[in-house]
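Before I ask anything, here is the structure I am working with.
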Amino acid sequence: MRSKTLANPLQSFDETAFLAFLADQALLPEITTRRVSIAANETGISVMRAVLELGLLEEDAAYAALASHLGVSYLTFDELDHGLLHSGLLKFNFMKRSLAIPVAQGPDGYVIATSDPKSDDILASIAYLLDAPVRRAIASPTTIKAALEMAETKDQDRAEGANQSDVARLEALANDGPVITLVNDIIGKAVSLGASDVHVETQERGARVRYRVDGVLQNDRAIPDDLRSAVASRLKVMANLNISERRRPQDGRADIVVRGRSIDIRMSSMPTQHGESIVLRLLDRSRMQLDWKSLKFPPERVAEIEQLMACPNGIFLVAGPTGSGKTTTLYTALRGINSEDRKIVTVEDPIEYALEGVNQVQVDPAIDMSFAKALRAILRQDPNVMMVGEIRDEETAEIAVRAALIGRLVLSTIHTNDAISAVDRLLDLGIAPYLVGATLRGVLSQRLVRTTCESCHGGGCGTCNTTGKQGGMAVSELLRMTPDLSEAIAQGGRGSTLLTLAQKDGFVGIAAQTHALVEARTISLDEAHRALGLD
(Lines give C-alpha, C1' and ligand atoms only; values in the text may rest on other atoms or scores of the structure.)
Protein backbone atom coordinates (compact mmCIF):
# COMPACT_ATOMS: atom_id res chain seq x y z
CA MET A 1 0.00 0.00 0.00
CA ARG A 2 1.34 3.40 -0.94
CA SER A 3 0.05 4.94 2.29
CA LYS A 4 2.70 2.93 4.17
CA THR A 5 5.36 5.17 2.64
CA LEU A 6 4.68 7.65 5.46
CA ALA A 7 7.72 6.80 7.56
CA ASN A 8 6.80 8.33 10.92
CA PRO A 9 3.02 8.53 11.32
CA LEU A 10 1.42 9.86 14.50
CA GLN A 11 -1.57 8.07 15.93
CA SER A 12 -2.85 11.37 17.32
CA PHE A 13 -1.35 14.52 18.72
CA ASP A 14 -2.22 15.11 22.37
CA GLU A 15 -2.01 18.81 23.25
CA THR A 16 -2.21 18.05 26.96
CA ALA A 17 0.82 15.77 26.65
CA PHE A 18 2.69 18.53 24.79
CA LEU A 19 1.97 21.00 27.60
CA ALA A 20 3.21 18.42 30.13
CA PHE A 21 6.38 18.05 28.04
CA LEU A 22 6.95 21.84 28.14
CA ALA A 23 6.63 21.72 31.91
CA ASP A 24 8.91 18.67 32.23
CA GLN A 25 11.58 20.40 30.14
CA ALA A 26 11.28 23.52 32.33
CA LEU A 27 10.30 25.56 29.31
CA LEU A 28 7.10 26.70 31.04
CA PRO A 29 6.02 26.56 34.69
CA GLU A 30 3.26 24.05 35.35
CA ILE A 31 0.86 26.77 36.50
CA THR A 32 1.43 28.60 33.21
CA THR A 33 0.64 25.48 31.18
CA ARG A 34 -2.70 25.24 33.00
CA ARG A 35 -3.49 28.85 32.07
CA VAL A 36 -2.52 28.11 28.46
CA SER A 37 -4.88 25.15 28.41
CA ILE A 38 -7.75 27.28 29.74
CA ALA A 39 -7.05 30.09 27.23
CA ALA A 40 -6.93 27.60 24.35
CA ASN A 41 -10.19 25.95 25.39
CA GLU A 42 -12.03 29.24 25.88
CA THR A 43 -10.91 30.76 22.58
CA GLY A 44 -10.95 27.60 20.47
CA ILE A 45 -7.34 27.91 19.33
CA SER A 46 -4.50 25.40 19.50
CA VAL A 47 -2.18 25.16 22.48
CA MET A 48 0.79 26.09 20.28
CA ARG A 49 -0.94 29.24 19.07
CA ALA A 50 -1.88 30.19 22.63
CA VAL A 51 1.75 29.78 23.77
CA LEU A 52 2.97 32.02 20.94
CA GLU A 53 0.27 34.68 21.12
CA LEU A 54 0.68 35.00 24.88
CA GLY A 55 4.40 35.57 24.29
CA LEU A 56 5.42 32.68 26.56
CA LEU A 57 7.97 31.21 24.15
CA GLU A 58 9.72 32.50 21.06
CA GLU A 59 8.60 30.80 17.87
CA ASP A 60 11.88 28.96 17.30
CA ALA A 61 11.95 27.64 20.87
CA ALA A 62 8.31 26.54 20.73
CA TYR A 63 8.65 24.57 17.49
CA ALA A 64 12.00 23.12 18.50
CA ALA A 65 10.25 21.81 21.61
CA LEU A 66 7.46 20.40 19.45
CA ALA A 67 9.98 18.56 17.28
CA SER A 68 11.70 17.15 20.36
CA HIS A 69 8.34 16.03 21.76
CA LEU A 70 7.48 14.29 18.49
CA GLY A 71 10.95 12.76 18.16
CA VAL A 72 11.67 14.35 14.75
CA SER A 73 14.19 16.85 13.41
CA TYR A 74 13.76 20.60 13.79
CA LEU A 75 15.01 22.63 10.83
CA THR A 76 15.91 26.31 10.64
CA PHE A 77 15.80 28.45 7.51
CA ASP A 78 19.48 27.84 6.71
CA GLU A 79 19.10 24.05 7.04
CA LEU A 80 16.52 23.74 4.28
CA ASP A 81 17.39 22.52 0.78
CA HIS A 82 15.82 25.47 -1.02
CA GLY A 83 16.56 23.95 -4.41
CA LEU A 84 13.82 21.36 -3.89
CA LEU A 85 11.21 24.13 -3.90
CA HIS A 86 12.10 24.81 -7.56
CA SER A 87 12.21 21.13 -8.55
CA GLY A 88 8.53 20.85 -9.42
CA LEU A 89 7.99 18.03 -6.94
CA LEU A 90 5.05 19.91 -5.42
CA LYS A 91 3.02 22.81 -6.78
CA PHE A 92 3.46 26.17 -5.11
CA ASN A 93 -0.27 26.54 -4.46
CA PHE A 94 -0.32 23.21 -2.64
CA MET A 95 2.72 24.06 -0.53
CA LYS A 96 1.31 27.47 0.41
CA ARG A 97 -2.07 26.03 1.29
CA SER A 98 -0.72 23.10 3.34
CA LEU A 99 2.48 24.76 4.67
CA ALA A 100 4.33 21.53 3.87
CA ILE A 101 7.55 21.73 1.84
CA PRO A 102 10.22 19.24 0.70
CA VAL A 103 13.47 20.08 2.46
CA ALA A 104 15.78 17.10 1.88
CA GLN A 105 16.18 14.11 -0.43
CA GLY A 106 18.10 10.92 0.12
CA PRO A 107 18.18 7.22 -0.80
CA ASP A 108 15.37 6.54 1.67
CA GLY A 109 13.02 9.15 0.22
CA TYR A 110 12.13 12.74 1.08
CA VAL A 111 11.97 14.82 4.23
CA ILE A 112 8.88 17.06 4.36
CA ALA A 113 8.86 19.97 6.77
CA THR A 114 5.59 21.07 8.38
CA SER A 115 4.63 23.07 11.45
CA ASP A 116 1.43 21.12 12.04
CA PRO A 117 1.70 18.03 14.26
CA LYS A 118 -1.63 16.85 12.86
CA SER A 119 -0.46 16.71 9.25
CA ASP A 120 -0.48 12.94 8.67
CA ASP A 121 -3.10 13.17 5.92
CA ILE A 122 -1.09 15.78 4.04
CA LEU A 123 2.13 13.77 4.37
CA ALA A 124 0.38 10.61 3.24
CA SER A 125 -0.92 12.47 0.19
CA ILE A 126 2.57 13.70 -0.62
CA ALA A 127 3.96 10.17 -0.24
CA TYR A 128 1.31 8.90 -2.62
CA LEU A 129 2.01 11.68 -5.11
CA LEU A 130 5.79 11.18 -5.07
CA ASP A 131 5.52 7.38 -4.87
CA ALA A 132 8.34 7.44 -2.36
CA PRO A 133 8.79 7.29 1.40
CA VAL A 134 8.48 10.61 3.18
CA ARG A 135 9.65 11.52 6.66
CA ARG A 136 8.33 14.32 8.81
CA ALA A 137 10.43 17.22 10.07
CA ILE A 138 9.30 20.32 11.94
CA ALA A 139 9.96 23.91 10.88
CA SER A 140 8.27 27.06 12.16
CA PRO A 141 5.47 28.62 10.06
CA THR A 142 7.64 31.72 9.62
CA THR A 143 10.49 29.62 8.23
CA ILE A 144 8.21 27.77 5.80
CA LYS A 145 6.46 30.94 4.61
CA ALA A 146 9.77 32.76 4.16
CA ALA A 147 11.19 29.84 2.17
CA LEU A 148 8.15 29.80 -0.11
CA GLU A 149 8.23 33.58 -0.55
CA MET A 150 11.91 33.44 -1.41
CA ALA A 151 11.33 30.67 -3.94
CA GLU A 152 8.40 32.45 -5.57
CA THR A 153 10.26 35.74 -5.69
CA LYS A 154 13.24 34.05 -7.32
CA ASP A 155 10.99 32.63 -10.01
CA GLN A 156 9.29 35.96 -10.70
CA ASP A 157 10.54 39.24 -12.03
CA ARG A 158 13.15 40.39 -9.53
CA ALA A 159 11.85 43.92 -9.79
CA GLU A 160 8.66 42.75 -8.13
CA GLY A 161 10.36 41.88 -4.87
CA ALA A 162 13.61 41.65 -2.97
CA ASN A 163 16.43 39.28 -3.78
CA GLN A 164 17.03 35.95 -2.06
CA SER A 165 19.43 37.20 0.58
CA ASP A 166 17.19 40.15 1.43
CA VAL A 167 14.18 37.88 2.01
CA ALA A 168 16.27 35.59 4.21
CA ARG A 169 17.48 38.62 6.17
CA LEU A 170 13.93 39.92 6.63
CA GLU A 171 12.74 36.51 7.75
CA ALA A 172 15.53 36.24 10.29
CA LEU A 173 14.76 39.72 11.61
CA ALA A 174 11.05 38.99 11.92
CA ASN A 175 11.76 35.82 13.88
CA ASP A 176 14.23 37.41 16.28
CA GLY A 177 13.23 37.02 19.93
CA PRO A 178 13.55 40.68 21.03
CA VAL A 179 11.56 41.80 17.98
CA ILE A 180 8.74 39.37 18.78
CA THR A 181 8.72 40.65 22.37
CA LEU A 182 8.63 44.27 21.19
CA VAL A 183 5.74 43.68 18.78
CA ASN A 184 3.80 41.73 21.41
CA ASP A 185 4.33 44.58 23.86
CA ILE A 186 3.09 47.17 21.34
CA ILE A 187 -0.09 45.21 20.65
CA GLY A 188 -0.58 44.29 24.30
CA LYS A 189 -0.45 47.93 25.38
CA ALA A 190 -2.91 48.86 22.62
CA VAL A 191 -5.37 46.31 23.98
CA SER A 192 -4.85 47.55 27.55
CA LEU A 193 -5.58 51.14 26.49
CA GLY A 194 -8.65 50.10 24.51
CA ALA A 195 -7.11 51.48 21.32
CA SER A 196 -9.00 51.02 18.08
CA ASP A 197 -5.89 51.41 15.89
CA VAL A 198 -2.11 51.14 16.11
CA HIS A 199 0.00 53.25 13.73
CA VAL A 200 3.63 52.22 13.12
CA GLU A 201 5.04 55.00 10.95
CA THR A 202 8.52 54.95 9.47
CA GLN A 203 10.33 58.26 9.65
CA GLU A 204 13.68 59.50 8.38
CA ARG A 205 15.31 57.89 11.38
CA GLY A 206 13.52 55.05 13.10
CA ALA A 207 9.77 54.84 13.45
CA ARG A 208 7.10 55.97 15.86
CA VAL A 209 4.15 54.14 17.38
CA ARG A 210 0.85 55.90 17.95
CA TYR A 211 -2.43 54.60 19.36
CA ARG A 212 -5.91 55.85 18.50
CA VAL A 213 -7.87 55.90 21.75
CA ASP A 214 -11.42 57.28 21.85
CA GLY A 215 -10.90 58.62 18.35
CA VAL A 216 -7.68 60.52 19.12
CA LEU A 217 -4.11 59.58 18.18
CA GLN A 218 -1.55 59.68 20.97
CA ASN A 219 2.20 59.11 20.75
CA ASP A 220 3.58 56.10 22.59
CA ARG A 221 7.16 55.24 21.73
CA ALA A 222 9.96 55.50 19.20
CA ILE A 223 11.43 52.46 17.44
CA PRO A 224 15.20 52.68 16.80
CA ASP A 225 16.38 52.81 13.21
CA ASP A 226 18.02 49.38 13.43
CA LEU A 227 14.71 47.75 14.46
CA ARG A 228 12.14 49.43 12.22
CA SER A 229 12.48 46.96 9.32
CA ALA A 230 12.37 44.04 11.74
CA VAL A 231 9.17 45.32 13.39
CA ALA A 232 7.53 45.88 10.00
CA SER A 233 8.52 42.38 8.87
CA ARG A 234 7.22 40.79 12.06
CA LEU A 235 3.85 42.52 11.70
CA LYS A 236 3.59 41.45 8.06
CA VAL A 237 4.42 37.84 8.94
CA MET A 238 1.61 37.89 11.53
CA ALA A 239 -0.88 39.03 8.86
CA ASN A 240 0.47 36.60 6.24
CA LEU A 241 1.71 39.43 4.00
CA ASN A 242 4.68 39.25 1.65
CA ILE A 243 7.63 40.48 3.69
CA SER A 244 9.72 41.04 0.55
CA GLU A 245 7.17 43.39 -1.04
CA ARG A 246 7.76 46.92 0.21
CA ARG A 247 6.82 49.02 -2.80
CA ARG A 248 3.10 48.24 -3.02
CA PRO A 249 0.24 48.51 -0.51
CA GLN A 250 -0.85 45.26 1.10
CA ASP A 251 -3.80 44.30 3.29
CA GLY A 252 -4.08 41.31 5.59
CA ARG A 253 -5.55 40.10 8.82
CA ALA A 254 -4.62 38.07 11.86
CA ASP A 255 -6.46 36.55 14.79
CA ILE A 256 -4.41 36.60 17.97
CA VAL A 257 -4.91 36.09 21.67
CA VAL A 258 -3.71 38.86 23.97
CA ARG A 259 -3.93 38.18 27.69
CA GLY A 260 -6.57 35.57 27.14
CA ARG A 261 -8.70 37.78 24.86
CA SER A 262 -9.34 37.09 21.19
CA ILE A 263 -8.32 40.05 19.03
CA ASP A 264 -9.07 40.38 15.33
CA ILE A 265 -6.45 42.52 13.55
CA ARG A 266 -6.90 44.11 10.13
CA MET A 267 -3.53 45.25 8.83
CA SER A 268 -2.66 47.71 6.09
CA SER A 269 0.87 48.43 4.89
CA MET A 270 1.67 51.34 2.59
CA PRO A 271 4.98 52.55 1.13
CA THR A 272 5.97 56.08 2.16
CA GLN A 273 8.93 58.35 1.57
CA HIS A 274 11.04 56.77 4.32
CA GLY A 275 9.67 53.23 4.32
CA GLU A 276 6.48 51.41 5.19
CA SER A 277 3.61 52.80 7.24
CA ILE A 278 1.61 50.03 8.93
CA VAL A 279 -1.78 50.47 10.55
CA LEU A 280 -3.48 47.83 12.65
CA ARG A 281 -7.24 48.00 13.25
CA LEU A 282 -7.97 46.11 16.48
CA LEU A 283 -11.34 44.48 17.09
CA ASP A 284 -11.58 43.18 20.64
CA ARG A 285 -14.58 40.87 20.46
CA SER A 286 -14.58 40.31 24.22
CA ARG A 287 -15.23 44.03 24.79
CA MET A 288 -17.68 44.49 21.98
CA GLN A 289 -20.80 46.19 23.33
CA LEU A 290 -23.44 47.14 20.82
CA ASP A 291 -25.88 48.96 23.05
CA TRP A 292 -26.84 52.59 23.49
CA LYS A 293 -25.77 52.60 27.14
CA SER A 294 -22.15 51.81 26.27
CA LEU A 295 -22.18 54.61 23.66
CA LYS A 296 -23.57 56.99 26.33
CA PHE A 297 -26.26 58.43 24.12
CA PRO A 298 -28.87 60.33 26.18
CA PRO A 299 -32.21 58.49 26.52
CA GLU A 300 -34.09 61.08 24.47
CA ARG A 301 -31.68 60.65 21.55
CA VAL A 302 -32.01 56.87 21.72
CA ALA A 303 -35.80 57.19 21.61
CA GLU A 304 -35.58 59.41 18.52
CA ILE A 305 -33.24 56.98 16.73
CA GLU A 306 -35.47 54.02 17.57
CA GLN A 307 -38.47 55.86 16.11
CA LEU A 308 -36.57 56.29 12.86
CA MET A 309 -35.58 52.62 12.92
CA ALA A 310 -39.26 51.74 13.09
CA CYS A 311 -39.86 53.37 9.68
CA PRO A 312 -40.77 50.73 7.07
CA ASN A 313 -38.80 52.51 4.35
CA GLY A 314 -36.56 55.47 3.67
CA ILE A 315 -32.93 56.40 4.27
CA PHE A 316 -31.24 57.00 7.62
CA LEU A 317 -27.67 58.34 7.55
CA VAL A 318 -24.98 58.65 10.20
CA ALA A 319 -22.53 61.44 9.43
CA GLY A 320 -19.20 62.44 10.85
CA PRO A 321 -15.46 62.36 10.21
CA THR A 322 -13.26 59.25 10.36
CA GLY A 323 -13.10 57.78 13.85
CA SER A 324 -16.34 59.29 15.09
CA GLY A 325 -18.04 55.95 15.75
CA LYS A 326 -20.46 55.97 12.81
CA THR A 327 -20.24 52.24 12.09
CA THR A 328 -20.70 51.28 15.75
CA THR A 329 -23.83 53.41 15.90
CA LEU A 330 -25.25 51.74 12.81
CA TYR A 331 -24.50 48.27 14.17
CA THR A 332 -26.21 49.17 17.44
CA ALA A 333 -29.25 50.42 15.54
CA LEU A 334 -29.32 47.24 13.46
CA ARG A 335 -29.10 45.05 16.51
CA GLY A 336 -32.13 46.83 17.95
CA ILE A 337 -34.34 45.98 14.96
CA ASN A 338 -32.95 42.53 14.20
CA SER A 339 -35.81 40.04 14.44
CA GLU A 340 -37.03 36.85 12.80
CA ASP A 341 -39.67 38.65 10.75
CA ARG A 342 -37.14 40.97 9.04
CA LYS A 343 -34.45 40.13 6.51
CA ILE A 344 -31.44 42.38 7.05
CA VAL A 345 -28.54 42.48 4.57
CA THR A 346 -25.39 44.60 4.89
CA VAL A 347 -22.62 45.55 2.45
CA GLU A 348 -19.39 46.42 4.25
CA ASP A 349 -15.70 47.07 3.75
CA PRO A 350 -14.61 45.45 5.97
CA ILE A 351 -17.12 43.50 8.03
CA GLU A 352 -16.20 44.74 11.50
CA TYR A 353 -18.75 42.93 13.66
CA ALA A 354 -20.45 39.59 13.06
CA LEU A 355 -24.18 39.97 13.77
CA GLU A 356 -26.16 36.79 14.30
CA GLY A 357 -29.14 36.55 11.97
CA VAL A 358 -27.86 39.30 9.65
CA ASN A 359 -26.65 38.55 6.11
CA GLN A 360 -23.33 40.40 5.77
CA VAL A 361 -21.54 40.89 2.44
CA GLN A 362 -17.87 41.84 2.12
CA VAL A 363 -16.87 44.30 -0.62
CA ASP A 364 -13.99 42.83 -2.65
CA PRO A 365 -12.41 45.00 -5.40
CA ALA A 366 -10.26 42.04 -6.47
CA ILE A 367 -13.34 40.31 -7.91
CA ASP A 368 -15.07 43.56 -8.89
CA MET A 369 -17.54 43.33 -5.98
CA SER A 370 -18.22 47.00 -5.30
CA PHE A 371 -20.82 48.56 -3.03
CA ALA A 372 -23.01 49.27 -6.05
CA LYS A 373 -22.78 45.74 -7.49
CA ALA A 374 -23.47 44.15 -4.13
CA LEU A 375 -26.49 46.42 -3.61
CA ARG A 376 -27.98 45.44 -6.96
CA ALA A 377 -27.70 41.78 -6.00
CA ILE A 378 -29.20 42.45 -2.57
CA LEU A 379 -32.28 44.08 -4.09
CA ARG A 380 -33.05 40.69 -5.65
CA GLN A 381 -32.80 39.04 -2.23
CA ASP A 382 -36.04 40.62 -0.97
CA PRO A 383 -34.57 42.42 2.09
CA ASN A 384 -36.54 44.51 4.56
CA VAL A 385 -33.50 46.43 5.76
CA MET A 386 -30.23 47.20 3.97
CA MET A 387 -27.09 48.65 5.45
CA VAL A 388 -24.43 50.16 3.19
CA GLY A 389 -21.06 50.71 4.83
CA GLU A 390 -20.69 54.11 3.17
CA ILE A 391 -22.32 56.20 0.47
CA ARG A 392 -19.33 57.53 -1.42
CA ASP A 393 -20.38 57.79 -5.08
CA GLU A 394 -23.37 58.58 -7.28
CA GLU A 395 -24.06 54.96 -8.26
CA THR A 396 -24.28 53.76 -4.66
CA ALA A 397 -26.45 56.74 -3.69
CA GLU A 398 -28.84 56.12 -6.58
CA ILE A 399 -29.32 52.46 -5.69
CA ALA A 400 -29.89 53.37 -2.04
CA VAL A 401 -32.58 55.89 -3.05
CA ARG A 402 -34.20 53.37 -5.41
CA ALA A 403 -34.28 50.77 -2.62
CA ALA A 404 -35.94 53.26 -0.28
CA LEU A 405 -38.52 54.12 -2.92
CA ILE A 406 -39.58 50.48 -3.27
CA GLY A 407 -40.15 49.98 0.43
CA ARG A 408 -36.75 49.22 1.97
CA LEU A 409 -35.21 50.84 5.02
CA VAL A 410 -31.65 51.82 4.06
CA LEU A 411 -28.98 52.68 6.63
CA SER A 412 -25.58 54.08 5.74
CA THR A 413 -22.76 56.41 6.74
CA ILE A 414 -21.60 59.52 4.95
CA HIS A 415 -18.48 61.64 5.44
CA THR A 416 -19.73 65.12 6.26
CA ASN A 417 -19.09 67.36 9.24
CA ASP A 418 -22.74 67.92 10.17
CA ALA A 419 -26.24 66.70 9.45
CA ILE A 420 -27.25 69.53 7.10
CA SER A 421 -24.13 68.95 4.98
CA ALA A 422 -25.20 65.34 4.46
CA VAL A 423 -28.22 66.60 2.50
CA ASP A 424 -25.95 68.81 0.41
CA ARG A 425 -23.64 65.85 -0.19
CA LEU A 426 -26.46 63.71 -1.62
CA LEU A 427 -27.43 66.55 -3.93
CA ASP A 428 -23.80 67.05 -4.98
CA LEU A 429 -23.62 63.35 -5.87
CA GLY A 430 -26.30 63.98 -8.46
CA ILE A 431 -29.42 62.73 -6.68
CA ALA A 432 -32.49 64.71 -7.75
CA PRO A 433 -33.74 67.04 -4.98
CA TYR A 434 -37.27 65.60 -5.08
CA LEU A 435 -35.88 62.08 -4.53
CA VAL A 436 -33.80 63.21 -1.54
CA GLY A 437 -36.85 64.95 -0.09
CA ALA A 438 -39.01 61.88 -0.64
CA THR A 439 -36.67 59.22 0.78
CA LEU A 440 -34.54 60.81 3.51
CA ARG A 441 -35.90 60.14 7.01
CA GLY A 442 -33.11 61.48 9.19
CA VAL A 443 -29.41 62.25 9.57
CA LEU A 444 -27.47 61.71 12.79
CA SER A 445 -24.15 63.55 12.99
CA GLN A 446 -21.85 62.56 15.81
CA ARG A 447 -18.43 62.91 17.39
CA LEU A 448 -16.58 60.88 19.99
CA VAL A 449 -15.36 63.00 22.89
CA ARG A 450 -13.06 61.93 25.70
CA THR A 451 -14.44 62.54 29.17
CA THR A 452 -12.31 64.10 31.88
CA CYS A 453 -10.44 61.59 34.04
CA GLU A 454 -12.16 61.32 37.40
CA SER A 455 -8.92 60.30 39.15
CA CYS A 456 -6.93 63.43 38.31
CA HIS A 457 -9.68 65.81 37.07
CA GLY A 458 -7.76 66.43 33.88
CA GLY A 459 -4.30 66.88 35.32
CA GLY A 460 -2.89 63.63 33.95
CA CYS A 461 -2.13 60.46 35.90
CA GLY A 462 -1.30 56.79 35.48
CA THR A 463 -4.96 55.85 35.23
CA CYS A 464 -5.46 57.95 32.08
CA ASN A 465 -1.96 57.41 30.62
CA THR A 466 -1.12 61.07 31.51
CA THR A 467 -3.71 62.39 29.01
CA GLY A 468 -6.18 63.80 31.54
CA LYS A 469 -8.93 61.99 29.63
CA GLN A 470 -10.46 58.59 30.31
CA GLY A 471 -13.31 56.89 28.49
CA GLY A 472 -15.42 58.35 25.74
CA MET A 473 -18.96 59.20 24.81
CA ALA A 474 -20.85 60.18 21.70
CA VAL A 475 -22.22 63.70 21.26
CA SER A 476 -24.65 64.14 18.40
CA GLU A 477 -27.21 66.17 16.49
CA LEU A 478 -30.22 64.63 14.80
CA LEU A 479 -31.90 66.13 11.76
CA ARG A 480 -35.36 64.57 11.48
CA MET A 481 -37.33 65.13 8.34
CA THR A 482 -40.55 67.11 8.70
CA PRO A 483 -43.02 67.87 5.89
CA ASP A 484 -41.59 71.42 5.64
CA LEU A 485 -38.00 70.18 5.46
CA SER A 486 -38.80 67.49 2.89
CA GLU A 487 -40.62 70.05 0.74
CA ALA A 488 -37.75 72.54 1.04
CA ILE A 489 -35.24 69.88 -0.06
CA ALA A 490 -37.47 68.86 -2.96
CA GLN A 491 -37.54 72.48 -4.07
CA GLY A 492 -33.74 72.68 -4.05
CA GLY A 493 -33.19 74.16 -0.58
CA ARG A 494 -29.73 73.74 0.90
CA GLY A 495 -27.45 74.77 3.75
CA SER A 496 -28.64 77.75 5.79
CA THR A 497 -32.18 77.51 4.42
CA LEU A 498 -32.56 73.97 5.76
CA LEU A 499 -30.84 74.86 9.04
CA THR A 500 -33.28 77.70 9.71
CA LEU A 501 -36.27 75.41 9.11
CA ALA A 502 -34.80 72.67 11.29
CA GLN A 503 -34.13 75.06 14.17
CA LYS A 504 -37.76 76.14 14.11
CA ASP A 505 -38.64 72.49 14.78
CA GLY A 506 -36.25 72.26 17.75
CA PHE A 507 -33.03 71.11 16.04
CA VAL A 508 -30.00 71.70 18.32
CA GLY A 509 -26.59 71.59 16.67
CA ILE A 510 -23.68 69.51 17.83
CA ALA A 511 -21.64 72.56 18.84
CA ALA A 512 -24.23 73.70 21.40
CA GLN A 513 -24.48 70.21 22.86
CA THR A 514 -20.70 69.87 23.08
CA HIS A 515 -20.36 73.15 24.96
CA ALA A 516 -23.11 72.02 27.34
CA LEU A 517 -20.86 69.12 28.27
CA VAL A 518 -18.05 71.60 28.96
CA GLU A 519 -20.29 73.59 31.29
CA ALA A 520 -21.19 70.36 33.09
CA ARG A 521 -17.42 69.63 33.39
CA THR A 522 -17.93 66.30 31.67
CA ILE A 523 -15.35 67.23 29.04
CA SER A 524 -12.71 69.94 28.87
CA LEU A 525 -12.83 73.01 26.65
CA ASP A 526 -9.83 71.84 24.65
CA GLU A 527 -11.58 68.50 24.06
CA ALA A 528 -14.66 70.33 22.80
CA HIS A 529 -12.53 72.38 20.42
CA ARG A 530 -10.78 69.26 19.18
CA ALA A 531 -14.04 67.45 18.53
CA LEU A 532 -15.49 70.45 16.69
CA GLY A 533 -12.33 71.11 14.67
CA LEU A 534 -11.67 74.48 16.29
CA ASP A 535 -8.25 75.95 17.04
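Please read all numbers here as calculations on a predicted model, not as lab measurements.
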Criterion side chain to side chain contact (heavy atoms under 4.5 Å, CB included) against Ile391, the qualifying member of Ile399, Val401, Leu429: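 Result for side chain to side chain contact (heavy atoms under 4.5 Å, CB included) with Ile391: Leu429.
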
task: Check whether any side-chain heavy atom of Val410 sits under 4.5 Å from a side-chain heavy atom of Val388, and report yes or no.
output: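 The answer is yes, as the side chains (C-beta and beyond) meet within the 4.5 Å cut-off.
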
- prompt: Any side-chain heavy atom of Arg281 sitting closer than 4.5 Å to one from Arg212?
  reply: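 The answer is no, as the side chains (C-beta and beyond) never meet within the 4.5 Å cut-off.
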
Ring pair (Phe, Tyr, Trp, His ring centres under 6.0 Å) involving Phe297 - partner list, sequence neighbours excluded: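 With sequence neighbours excluded, Phe297 shows a ring pair (Phe, Tyr, Trp, His ring centres under 6.0 Å) to Trp292, given in chain and number order.
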
- prompt: Would you say the side chains of Asp484 and Thr482 form a donor-acceptor pair under 3.5 Å?
  reply: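 No, because no side-chain N or O of Asp484 sits under 3.5 Å from a partner of the opposite role on Thr482.
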
query: Between Thr452 and Arg521, does any side-chain donor sit less than 3.5 Å from a side-chain acceptor?
result: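 Short answer, no.
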
message: Let me confirm one number: the NZ-OG1 distance from Lys373 to Thr396, rounded to the nearest 0.5 Å.
response: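 Reported to 0.5 Å precision, the distance equals 12.0 Å.
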
- prompt: With respect to Arg210, which candidate in His199, Gln218, Glu201 satisfies the side chain to side chain donor-acceptor pair (under 3.5 Å) definition?
  reply: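 It is Glu201, the one option of His199, Gln218, Glu201 that forms the side chain to side chain donor-acceptor pair (under 3.5 Å) with Arg210.
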
- prompt: Mind checking whether Val183 and Ile187 have side chains closer than 4.5 Å, heavy atoms only?
  reply: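 They are in side-chain contact.
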
Candidate pair Arg221 and Asp185, rule salt bridge (charged side-chain N to carboxylate O under 4.0 Å, His left out), full reasoning: CA-CA 11 Å; Arg221 72 186 76 192; Asp185 184 54; 2.8 Å; yes

query: Side-chain donor-acceptor pair under 3.5 Å between Asn313 and Arg441, yes or no?
result: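 On atom types as modelled, these side chains qualify, holding a pair under 3.5 Å.
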
field: Enclosure of Gln503 CD (heavy-atom neighbours >12, cutoff 6.0 Å)
entry: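 For Gln503, atom CD is crowded (more than 12 foreign heavy atoms under 6.0 Å).
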
task: Test salt bridge (charged side-chain N to carboxylate O under 4.0 Å, His left out) on Arg450 and Glu527 and set out the steps.
output: CA-CA 7 Å; Arg450 298 171 298 168; Glu527 179 64 11; 2.8 Å; yes

field: Side chain to side chain, His415 and Lys326, heavy atoms closer than 4.5 Å
entry: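 They are in contact (side-chain heavy atoms under 4.5 Å apart), so the answer is yes.
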
query: Glu59 and Thr142: side-chain donor and acceptor closer than 3.5 Å?
result: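 Glu59 vs Thr142: donor-acceptor pair found between side chains.
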
- prompt: Does any non-hydrogen side-chain atom of Val345 lie less than 4.5 Å from one of Val358?
  reply: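 Not touching, per the 4.5 Å side-chain cut-off.
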
message: Whether the Thr329 and Gln446 side chains hold a donor-acceptor pair (N or O, under 3.5 Å, no angle test) is what I'd like checked.
response: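 Yes, side-chain donor-acceptor contact under 3.5 Å.
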
